[in-house]
Amino acid sequence: MNMKIDWKHILLFAFVAGGLVYITRHLLGMSYTASFFMSLGIFMLLLLGDRFAAMYDEKRKRERKRKEQEEKDRWMK
């Protein structure tokens, strides 16, 4: 399986992860361990949301393409 790597997406996620650690550690005053696990949990929820958004977008693209093909086939008859 050949996957494209979106470096902008990875850089954005790294920036968000660093920001979460900074906020939980320095602004909320949590310990290193608590800060890490809090940030990890939030980050995992963000990744899950990103995946569901990508799946929804792909589904809409496929449906739109299928409808366009059906319309095209109808006019060809």
Side-chain angles (χ1 to χ4, degrees):
M1 184 168 160
N2 191 5
M3 293 179 54
K4 292 182 184 178
I5 297 175
D6 186 5
W7 292 106
K8 291 178 186 175
H9 212 140
I10 291 173
L11 184 64
L12 177 67
F13 281 157
F15 181 73
V16 168
L20 285 170
V21 170
Y22 176 79
I23 289 170
T24 56
R25 175 68 183 131
H26 296 287
L27 298 181
L28 298 179
M30 295 179 147
S31 68
Y32 288 114
T33 306
S35 171
F36 172 76
F37 285 116
M38 171 81 67
S39 299
L40 182 65
I42 294 169
F43 193 69
M44 290 174 79
L45 289 173
L46 288 172
L47 286 174
L48 186 65
D50 181 61
R51 179 65 186 141
F52 282 135
M55 287 171 49
Y56 177 73
D57 188 42
E58 286 296 319
K59 180 181 175 185
R60 288 186 60 219
K61 284 180 183 178
R62 274 187 270 125
E63 287 176 357
R64 190 177 312 129
K65 195 173 190 178
R66 183 183 52 82
K67 284 182 181 180
E68 288 174 0
Q69 186 63 37
E70 287 175 357
E71 188 72 23
K72 187 178 178 182
D73 290 344
R74 189 175 349 153
W75 285 101
M76 295 297 267
K77 289 183 180 181

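Taken from CG in D73 to CD in E68, the straight-line distance is 12.0 Å, to the nearest 0.5 Å. Rounding to the nearest 0.5 angstrom, the gap separating the CZ atom in F15 from the CG atom in L20 is 10.5 Å. Once rounded to the nearest 0.5 Å, the distance linking CG of L28 with OH of Y22 reads 11.0 Å. From K61, atom NZ reaches atom CG of D57 across 4.5 Å, with rounding to the nearest 0.5 Å. Annotation: the span from F52 atom CZ to K59 atom NZ amounts to 12.5 Å, rounded to 0.5 Å. Between L45 atom CG and L40 atom CG the span is 9.5 Å, to the nearest 0.5 Å.
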Please determine whether side chain to side chain contact (heavy atoms under 4.5 Å, CB included) holds for the pair R62 and E58, giving the CA-CA distance in whole Å, both sets of side-chain angles, and the decisive distance to 0.1 Å. CA-CA 6 Å; R62 274 187 270 125; E58 286 296 319; 4.2 Å; yes

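Nearest approach of S31 to R25, heavy atoms of both residues: CA-NH1, 3.8 Å. Of all non-hydrogen atoms in S35 and V21, the two that sit nearest each other are OG-O, 3.5 Å. Of all heavy-atom pairs spanning F43 and F13, the tightest one is CE1-O, 3.3 Å.
Residues M38 and L47 are members of one and the same hydrophobic cluster, defined by side-chain heavy-atom contacts under 4.5 angstrom among Ile, Leu, Val, Met, Phe, Trp and Tyr. Under the 4.5 Å side-chain heavy-atom criterion for ILVMFWY residues, no single connected hydrophobic cluster contains both I23 and F36.
Heavy-atom neighbours of M30 CE from other residues, nucleotides or ligands within 6.0 Å: above the threshold of 12.
Under 4.0 Å is where a charged nitrogen must lie from a carboxylate oxygen, and between E70 and R66 at least one such pair does.
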